[in-house]
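Since the structure comes first, as structure tokens, the remarks are kept for the end.
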Amino acid sequence: MIAWFIAAVLVLIVELFVGTIYLLVVSAALFGAGLTAWLFDSLAASIITAAVLAAVGVWWAHGWIKKHRRPPVEESARNDLDIGQTVQILRHLHGNLYEVHYRGTLWQAQAENTAGTSAPQTAVITGKNGNFLLIHLN
């Protein structure tokens, strides 16, 4: 009986280092098997409980992760430190292309909106498209 609880704690410790939700589910299943062993004193019932709880938990966790996972483009945008930074507009090239100064060098940028009546001086980076910065004109 105590072996189930020890196994649950060991798997939980490993989960803290690895950081997957699946090991957390397995740890909970082992804890449930320990409770079953304590209540019914049956090895077969404990094994079945651990298997069923782990299977249902992994199925649920996989569905939850799949439902809440962001698209790769959005995930990379969330991790991009350039997005939201301000750039200085040096000159308008043509159409919606601009030459901007950012981090000590010149970049070509593509505006996502149109400029108002006056020439914009600054813009905010909203993304990247290859070597082009995508900007929102102020």
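- For residues 34-57, the pairs satisfying side chain to side chain donor-acceptor pair (under 3.5 Å) are T36-T49, with sequence neighbours left out.
- Judged as a side chain to side chain donor-acceptor pair (under 3.5 Å), and not counting sequence neighbours, the contacts of H68 are W64.
- Alongside L97, the hydrophobic cluster contains L93, F132 (criterion: ILVMFWY side chains under 4.5 Å).
- Put simply, the side chain of F31 does not reach to within 4.5 Å of the side chain of V26, judged on heavy atoms.
- No hydrogens or angles considered: a donor-acceptor pair under 3.5 Å links the side chains of E112 and T126.
- Other residues sharing a hydrophobic cluster with V9 under the 4.5 Å side-chain heavy-atom criterion for ILVMFWY residues are I13, F17.
- Counted within 6.0 Å of NE2 on H62, heavy atoms from surrounding residues, nucleotides or ligands total 12 or fewer; the atom is thus considered open.
- Criterion: ILVMFWY side-chain heavy atoms under 4.5 Å apart, direct or through other members. Under it, F5 and L39 are part of a common hydrophobic cluster.
- Residues L90 and V100 have side chains not in contact (no heavy-atom distance under 4.5 Å, counting atoms from C-beta outward).
- A continuous path of hydrophobic side-chain contacts links W60 to I65 [ILVMFWY only; heavy atoms under 4.5 Å].
- Counted within 6.0 Å of CG on N79, heavy atoms from surrounding residues, nucleotides or ligands total more than 12; the atom is thus considered enclosed.
- Two residues are said to be in side-chain contact when any heavy atoms from C-beta on lie closer than 4.5 Å; N138 and V124 meet this criterion.
- Interatomic distance, CG of L106 versus NE2 of H101, reported as 6.5 Å (0.5 Å rounding).
- Under a 4.5 Å side-chain heavy-atom cut-off, the cluster of Ile, Leu, Val, Met, Phe, Trp and Tyr residues that includes L12 is completed by L24.
- Counting heavy atoms from C-beta outward, I89 and T122 have side chains that stay 4.5 Å or more apart.
- N129 has its side chain within reach of Q110: a pair of non-hydrogen atoms, C-beta onward, lies under 4.5 Å apart.
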Practice problem: Could you walk me through whether L35 and W4 pass side chain to side chain contact (heavy atoms under 4.5 Å, CB included), step by step? | Solution: CA-CA 8 Å; L35 288 178; W4 292 105; over 6 Å; no
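- Taking CD1 from I21 and OG from S27, the interatomic distance works out to 12.0 Å, rounded to the nearest 0.5 Å.
- Residues L134 and I125 have side chains not in contact (no heavy-atom distance under 4.5 Å, counting atoms from C-beta outward).
- Residues L30 and L53 fall into different hydrophobic clusters, defined by Ile, Leu, Val, Met, Phe, Trp and Tyr side chains chained together at heavy-atom separations under 4.5 Å.
- Members clustered with I2: I6, L10, by chain and number, using a 4.5 Å side-chain heavy-atom cutoff among hydrophobic residues.
- Across every non-hydrogen atom of V25 and A54, the tightest pair is CG1-O, 4.0 Å.
- Annotation: side chain of K128 is in contact with side chain of D82 (closest heavy-atom distance under 4.5 Å).
- A 4.5 Å side-chain heavy-atom check between Y102 and Q85 finds at least one atom pair inside the cut-off.
- The shortest non-hydrogen separation linking G34 to M1 is O-CG, 4.2 Å.
- For N96 (side chain) and A111 (main-chain N/O), a donor-acceptor pair under 3.5 Å exists by modelled atom type.
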